Number of protein chains: 2
Amino acid sequence: MTIELSARVTCTDCPIRHRAVCAYCTGDELDVLEQLKSYKTFKAGEPILWRADKLTYVGSLVHGVATLSKTLEDGRTQMVGLLLPSDFIGRPGRSEIEFDVVAVTDVTLCCFQIKPFEALIASTPHVAQRLVEMALDELDVAREWMLLLGRKTAREKIATFVQMLVQRQHIAGTDLPGQALSLPLTQEQIANYLGLTLETVSRQLGIMKKNGILRFSDRRHFEVIDFPALQLATGDDSDGGVLV
Amino acid sequence: MTIELSARVTCTDCPIRHRAVCAYCTGDELDVLEQLKSYKTFKAGEPILWRADKLTYVGSLVHGVATLSKTLEDGRTQMVGLLLPSDFIGRPGRSEIEFDVVAVTDVTLCCFQIKPFEALIASTPHVAQRLVEMALDELDVAREWMLLLGRKTAREKIATFVQMLVQRQHIAGTDLPGQALSLPLTQEQIANYLGLTLETVSRQLGIMKKNGILRFSDRRHFEVIDFPALQLATGDDSDGGVLV
DNA sequence: GGTCATGTTTGATCTAAATCAAGGAAAAAT
DNA sequence: ATTTTTCCTTGATTTAGATCAAACATGACC
């Protein structure tokens, strides 16, 4: 069930202001968005959008974590995206999506009705421009993941996944060994992201713990002890990727 | 080596006019494009863009087939896209790409220098709008492929691949059994697209021939004899997908 | 604080697809 | 026409990861 948040935050104070779809907007343009937006929240585990739903709104993830996934008839599922704050949900120009969006943690969304939003794109080049950029960035990430799914070993997949978490959470200037990072997914969800089974994920993470690459303080928090070894285990060349 | 084509085709007569990035352009807008465009051709096997290249132009594929692929240090490669006529190559707003683009057959590209093209996007909402649409369509295809790479069996992968070829080549109103379809890729290239080895591709295609699902007239041309069986073998639910 | 549900670990076994290894068949080149 | 190269097929063997099967943590909730 979704709840309309009463506590509105102004766009100027928004935590995702500089990375979201509104990144290039001027003060005037933000004023327009301000009038159109509304917040929705979802509890951990709740569906945000269902494959069969008609799309009536689009929005930016403000806090929390959500997943995009696709499922075959017999139940096999594959995650096709991990949504973190500032990521955009929705499909302007089309009323259907072909995957399910589910809240993993509690989630807050900054929403727009799809019709006014589409009008906004047409009239606000800054939004259209940012949207192209974000779509192309997502495309890069999807393609990087295709390489992972098609060609990497279980060990490389896990290492790449952990590296991506590091890159998206690491606070520059802070020592990496010692910095607590959060693991928002269960091992089953990780398996669905990496095209593996949960047993394989457990075993590979176990090996990385034993090898002194990772240390877990509890199920959902860990730190990277040996970053070079992690990097090496990804199978990528050392200049990093686009999963940031 | 690239060659500038002397035989210019006017945009209005262009075979990909209605599906390419210029799809929504008015006559006036086409006149502008007409001045900016130039054709480049590539021989089968030639690289069109290399991962390390600075991007100096973008363009639409007019005829031929090209592949996008990514390669790991040790040589494992994964195709991340198959470019057919009307597909767009390039990355407005960024000067680098993270994959290689190679001509599979002889290829003709309708090219624009990247700088004027970016200016065009800013000034021509119709181009920006179509570009968002095309990027999001590609994203859908990439995600469909993630499901294939992560969760489908070899047989399902081959069936899905063939089904995609059918959907992109089938002429509506023509009988499917009997219609000659072209297979532009070698089995090794198919393997790289599907995250398999060439031996597995050969064996699975062999089985589909023996089962009377496919018939090959030569290495590069086939027809689908039993479409329902093909559909069934994809593992998808029957309502089709986005790979069109 | 004990019960329960949800995640995680670990072991034994199986299997789909990879790998290794030749041949053969079609195109391309000379 | 004949050589060469590129593709394709087929068989034998191996293996990474799936599957099957229990226990074991951990935190959530009365």
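Lettering of chains follows the sequences in order, A, B, ..., and the numbering in each one begins at 1. Not measured: the values here are computed from a predicted model.
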Charged N to carboxylate O under 4.0 angstrom, A:R19 versus A:D137? no

Ion pair present between A:K70 and A:E98, side-chain N to carboxylate O less than 4.0 angstrom? no

For [N], does OP1 or OP2 lie under 4.0 Å from any side-chain N or O of [X]?
X	N	result
A:T200	D:dG17	no
B:K209	D:dT9	yes
B:T197	C:dA18	yes
B:R76	C:dA18	no

[X] [atom1] to [N] [atom2]: how many Å, rounded?
X	N	atom1	atom2	value
B:L205	D:dT10	CG	C1'	14 Å
A:Q204	D:dA16	CD	P	11 Å
A:R220	C:dT6	CZ	C1'	10 Å
B:Q78	C:dA18	CD	C1'	15 Å
B:K157	C:dA18	NZ	C1'	12 Å
B:K152	D:dG17	NZ	C1'	21 Å
A:E199	D:dA22	CD	P	14 Å
B:I158	C:dA16	CD1	C1'	14 Å

For the student: nearest non-hydrogen atoms of [X] and [Y], plus distance:
X	Y	result
A:V101	A:A66	CG1-CB, 4.4 Å
B:P15	B:V62	CG-CG1, 4.0 Å
A:V21	A:F88	CB-CD1, 4.2 Å

Determine the contact category for B:G195: base if any of its heavy atoms lies under 4.0 Å from a base atom, sugar-phosphate if only primed atoms, P, OP1 or OP2 are that close, otherwise nothing. sugar-phosphate

Who passes side chain to side chain donor-acceptor pair (under 3.5 Å) against A:K54, sequence neighbours left out? A:E96

Once side chain to side chain donor-acceptor pair (under 3.5 Å) is applied, do any residues pair with B:D13, and if so which ones, sequence neighbours excluded? B:T10

Is the backbone of B:L196 close enough, under 3.5 Å, to the side chain of A:R151 for a donor and an acceptor to pair up by distance? yes

Judged by nearest nucleotide, the residue sitting upstream toward the 5' end of DNA chain C, A:L198 or A:R151, is A:L198

Filter on side-chain hydrogen bond (donor to acceptor under 3.5 Å, both in side chains), then keep only pairs touching residues 77-86 of chain A, sequence neighbours left out; what's left? A:T77-A:N192

Among D:dA18, C:dT19, D:dT9, which nucleotide has an atom closest to any side-chain atom of B:S202? D:dT9

Could you work out which one of C:dA18, D:dG17, C:dG7 sits closest to the side chain of A:L196? D:dG17

Short N/O separations, protein against nucleotides 26-30 of chain C, under 3.5 angstrom:
none

Side chain to side chain contact (heavy atoms under 4.5 Å, CB included), that's the test. Do B:K43 and B:D106 meet it? Break it down for me. CA-CA 5 Å; B:K43 286 274 162 216; B:D106 289 359; 3.7 Å; yes

Just need the stems in DNA chain D: three or more back-to-back Watson-Crick or G-U pairs, each with both distances under 3.5 angstrom, sorted by first number. C:1-22 with D:9-30, C:25-30 with D:1-6

Which residues in residues 186-193 of chain A have a heavy atom closer than 4.0 Å to any atom of DNA chain C? A:T186, A:Q187

Give a yes or no on whether A:R76 atom CZ has more than 12 heavy-atom contacts from other residues, nucleotides or ligands under 6.0 Å away. yes

Tell me if the CD atom of B:E188 is crowded by more than 12 foreign heavy atoms within 6.0 Å. no

If you go through the side-chain atoms of B:R203, does one of them form a donor-acceptor pair with the base of C:dT19 closer than 3.5 Å? yes

